[in-house]
Colleague: 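Pasting a structure below so you can have a look.
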Amino acid sequence: MKRRNFIKRASLTGLGLAVAPSIISCETEAKTDKKAIAIATPVLPIVVATWNFKNATKAAWKVLEKGGASIDAIEAGCRVEEADLKNTTVGNGGSPDRDGNVTLDACIMNKDGGYGAVVCMENIAHPISVARKVMEETPHVLLAGKGAEQFAVEQGFKRENLLTEASKKAWLKWKEKSEYKPIINIENHDTIGMLAIDKNGDISGGCTTSGMAYKMAGRVGDSAIIGSGLFIDNTIGGATATGMGEEVLKTVGSYLIVELMRQGRTPQEACEEGVKRIVESNPNYQNFQVGYVALNKQGEYGCYCVHGGFGISKYQEGKQTYIKSNAYTKKA
Ligand code: SD4
């Protein structure tokens, strides 16, 4: 922990306040330090999500404001994006792989350290709900491909075609050249990673995606992999990711961020370190985006990304806010 933060934390603890002060911002430390806000008690409930997913955080908030559990809020929120046909990187309407098949990855984690996930699952529109079933109804944590689909059907999910006409048209156009550059467009990718704390102070998280458009058949990204696209520890907080999954996987990004928070970093500091780990060992970083959002048990949040254009949606105290993330490249 940086010395000044330690001093701030220590001085408030000395005053007998229940919770250490927080930096409620996704801006750089230099900026946030000036407007650091000390809070005595967490302002709960709260939900944060990657990107400006207003409808998703609103759906999650509806659960939380009624006193619902964070796990229910996460499922409800993520389902909104999975159902949105205009979102071509999540659920129904997602972009296909290079063979024209829409394959989905999703995971969910609860307050008890429970984890459930599906990867490379086809024909089922709500992988976040299937992931929850894996967590709650099976002795396993991760089901892949046909097995995941079969399990979903056994659980009452309907098979449906997830390839929309628009996604098919875009894929056919891509096929004309079949030029695969695994570069995620900086402004245009929308995997949803969501973290929520309910009124009881319990945190849960979820992450759901169709992955990178025109990926190789069988490719699995970070989103459904525990510790990479998502990690939750109910004693510390949670983190989730969006962007180039290969980079997040290689650095076990979300787990790293939660562990950094355990060691005393703020969510903001932890997200910045997570991004730094990726870019400082990767000369190719100009060509991909990764964005993180983290939330600790005190309801403090942070976000950071490789390139500008990323931001997070937050719902707290009945109010929705979009927070623009600072980016590593601005420092270059
Ligand atoms: C993946 N992380 O499959 C996902 C993609 C993503 O916004 O986040 N897109 O690598």
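Just so you know, ligand 1 is whichever comes first in the structure, and atom 1 is the first atom listed for that ligand.
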Colleague: Donor-acceptor pairs under 3.5 Å, side chain of residues 105-116 to any protein atom, not counting sequence neighbours: which ones?
Modeller:
residue, atom, partner, partner atom, Å
Asp105, OD1, Cys120, N, 2.9
Asp105, OD2, Gly221, N, 3.4
Asn110, OD1, Asp112, N, 3.0
Asn110, OD1, Gly113, N, 3.3
Asn110, OD1, Gly114, N, 2.7
Tyr115, OH, Ala224, O, 2.5
Tyr115, OH, Ile226, N, 3.2

Colleague: Please state whether the rings of Trp61 and Tyr315 are parallel, tilted or perpendicular, taking 30° and 60° as the class boundaries.
Modeller: parallel
Colleague: Only heavy atoms of Gly211, strictly under 4.0 Å: list the atoms of ligand 1 that pass.
Modeller: 3 (O)
Colleague: Heavy-atom contacts with Asp222 under 4.0 Å: which atoms of ligand 1 show up? List them by number with element.
Modeller: 1 (C), 2 (N), 4 (C), 10 (O)
Colleague: Can you find an N or O of Gly243 that's nearer than 3.5 Å to an N or O of ligand 1?
Modeller: yes
Colleague: Any salt bridge linking Arg262 with Asp233? Criterion: basic side-chain nitrogen under 4.0 Å from a carboxylate oxygen.
Modeller: yes
Colleague: Kindly confirm or rule out an N or O of Arg219 lying under 3.5 angstrom from an N or O of ligand 1.
Modeller: yes
Colleague: By number and element, which atoms of ligand 1 are closer than 4.0 Å to a non-hydrogen atom of Ser223?
Modeller: 2 (N), 4 (C)
Colleague: Please work out, at 4.0 Å between heavy atoms, whether the side chain, the backbone, both, or neither of Glu247 comes within that distance of ligand 1.
Modeller: neither
Colleague: For Asn282 and Glu247, does a side-chain donor sit closer than 3.5 Å to a side-chain acceptor?
Modeller: yes
Colleague: List the atom pairs, donor and acceptor, that lie under 3.5 Å between side-chain atoms in residues 150-158 and the rest of the protein, sequence neighbours left out.
Modeller:
residue, atom, partner, partner atom, Å
Gln150, NE2, Glu154, OE2, 3.2

Colleague: Could an N or O of ligand 1 be found under 3.5 Å from any N or O of Thr191, whether backbone or side chain?
Modeller: yes
Colleague: Does this structure show an ion pair linking Lys250 with Glu246, if we count only N-O contacts that are shorter than 4.0 Å?
Modeller: no
Colleague: Quick check: Thr89 and ligand 1, any N/O pair under 3.5 Å apart?
Modeller: no
